[in-house]
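These notes concern the structure reproduced below.
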Amino acid sequence: MRPFTAAAVQLAPAPGPLTPATVRDNIGNATGWIARCVRESGAELIVLPETCTTGFAPGVGAEELWELVSGIPGPVSEPFQEAARELGVHVCFGTYERGPGPGTVYNSAVLAGPDGSVLGVYRKTHPFRLEDARHGGWTTHGSDVCVVPTGLGRIGMAICFDGDFPELWRIQAVRGAELVCRPSALLRSADIWELTCRARAYDEHVYVVGANAVGADPAGTLYFGNSMIVSPVAEVVARAASHEGWAAARLDPDAALASLTPGSSVPHGFDHLAERNLALYERHAAELFAPAVTPFPRKGRD
């Protein structure tokens with residue numbers, strides 16, 4: 001990784017109902033904010049929210065949503081690819097992705113490079129219950145991680161609820177990720193948003209660029225923004241407010257683990273990856289991979 005400026009851009013979806021016209025409006029709004037952010041901040045990596053092409057809760061079923069989006073690359077991704085090429089930057093954006101057959105829709109994060117190519121696609125592996133097709137929703141879960149070597153560094157991707165599952169982030173860190181983009185449209189509290197962004201950054205010694213939606217989606221769900229950039233020692237180095245805009249910060253790999261806590265004279269002397277107790281994990285592998293549920297009761301449990 002080399003030093004560069006990253007930005008988390010937060011956007012509001014067009015009001016519902018979701019139509020081809022509103023999808024075009026969302027894409028136009030997003031690419032406009034990318035250009036403005038690059039011009040004013042000098043960012044070389046721009047991260048946009050989850051499903052910024054439609055809004056998270058689309059207000060339509062999986063088959064209708066499938067008709068409104070596209071494969072990747074395709075008409076939905078190409079304006080972002082072109083924006084990345086014109087500006088010479090990396091862009092990570094969230095979108096629903098058309099799957100192989102009607103009704104198969106993925107919640108995806110796409111990384112476009114400065115040449116306009118698609119460098120990587122990550123399909124959300126932990127859909128939120130509301131969207132999960134296994135619970136009556138519209139999203140089919142993904143099955144793999146994505147860490148992309150780029151001219152900026154090794155970039156991983158996770159989407160919103162994925163932030164609750166440290167195993168996913170650990171795999172990316174072991175694969176060499178130095179920064180993880182987290183496009184989001186968080187439906188819980190700002191405390192949970194900050195907690196999970198900071199915890200995953202600290203757990204894995206990675207930078208986290210978390211872009212959270214604002215405004216209301218086609219189903220009327222409200223989002224609070226508060227996009228943030230977090231350092232590998234869990235310091236929030238940039239934070240946005242609750243309206244459209246961005247948070248940007250200069251990321252320096254030489255400073256990432258320079259001190260035990262931000263501003264401390266005590267050096268950072270440990271490595272969460274190198275100091276894993278692999279023998280312990282191997283001995284308890286069956287438990288790690290066993291199905292489990294919380295012992296506490298939950299309302300709305302299947």
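- The residues Glu167 and Arg170 are annotated as not salt-bridged, no charged nitrogen and carboxylate oxygen being separated by less than 4.0 angstrom.
- One N or O on the side chain of Ser41 and one on the backbone of Cys37 form a donor-acceptor pair closer than 3.5 Å.
- When atom types are taken as modelled, the side chain of Tyr207 and the backbone of Asp252 share a donor-acceptor pair closer than 3.5 angstrom.
- In terms of modelled atom types and a separation under 3.5 Å, the side chain of Gln10 and the main chain of Phe224 share no donor-acceptor contact.
- In summary, Arg36 and Glu40 engage in a salt bridge, as defined by a charged side-chain N under 4.0 Å from a carboxylate O.
- Of the possible polar contacts, none joining the Thr221 side chain to the Ala219 backbone as a donor-acceptor pair under 3.5 Å is found.
- Using a distance-only test at 3.5 Å, with no hydrogens or angles considered, no donor-acceptor pair links the side chain of Asn29 to the main chain of Asp25.
- A salt bridge does not link Asp132 to Arg129: none of the charged side-chain nitrogens sits closer than 4.0 Å to a carboxylate oxygen.
- In terms of modelled atom types and a separation under 3.5 Å, the side chain of Ser184 and the main chain of Leu186 share no donor-acceptor contact.
- The number of heavy atoms from other shown groups lying within 6.0 Å of CZ (Phe270) is above 12.
- Looking at Trp138, its side chain never comes within 3.5 Å of a backbone N or O of Val60 through a donor-acceptor pair.
- Considering all non-hydrogen atoms of both residues, Gly71 and Glu97 come closest at CA-CG, 4.5 Å.
- With Ser231 contributing its side chain and Glu235 its backbone, the two residues share a donor-acceptor pair below 3.5 Å.
- Counting heavy-atom neighbours within 6.0 Å of Glu63 CD, excluding the residue itself, gives a total of 12 or less.
- Each of Asn107, Thr51, Thr140 was checked for a side chain to side chain donor-acceptor pair (under 3.5 Å) with Glu131, and the lone residue meeting it is Asn107.
- Using modelled atom types, one side-chain atom of Glu178 and one backbone atom of Met1 make a donor-acceptor pair closer than 3.5 Å.
- Judged by distance alone, the side chain of Arg154 and the main-chain N or O of Gly176 form a donor-acceptor pair under 3.5 Å.
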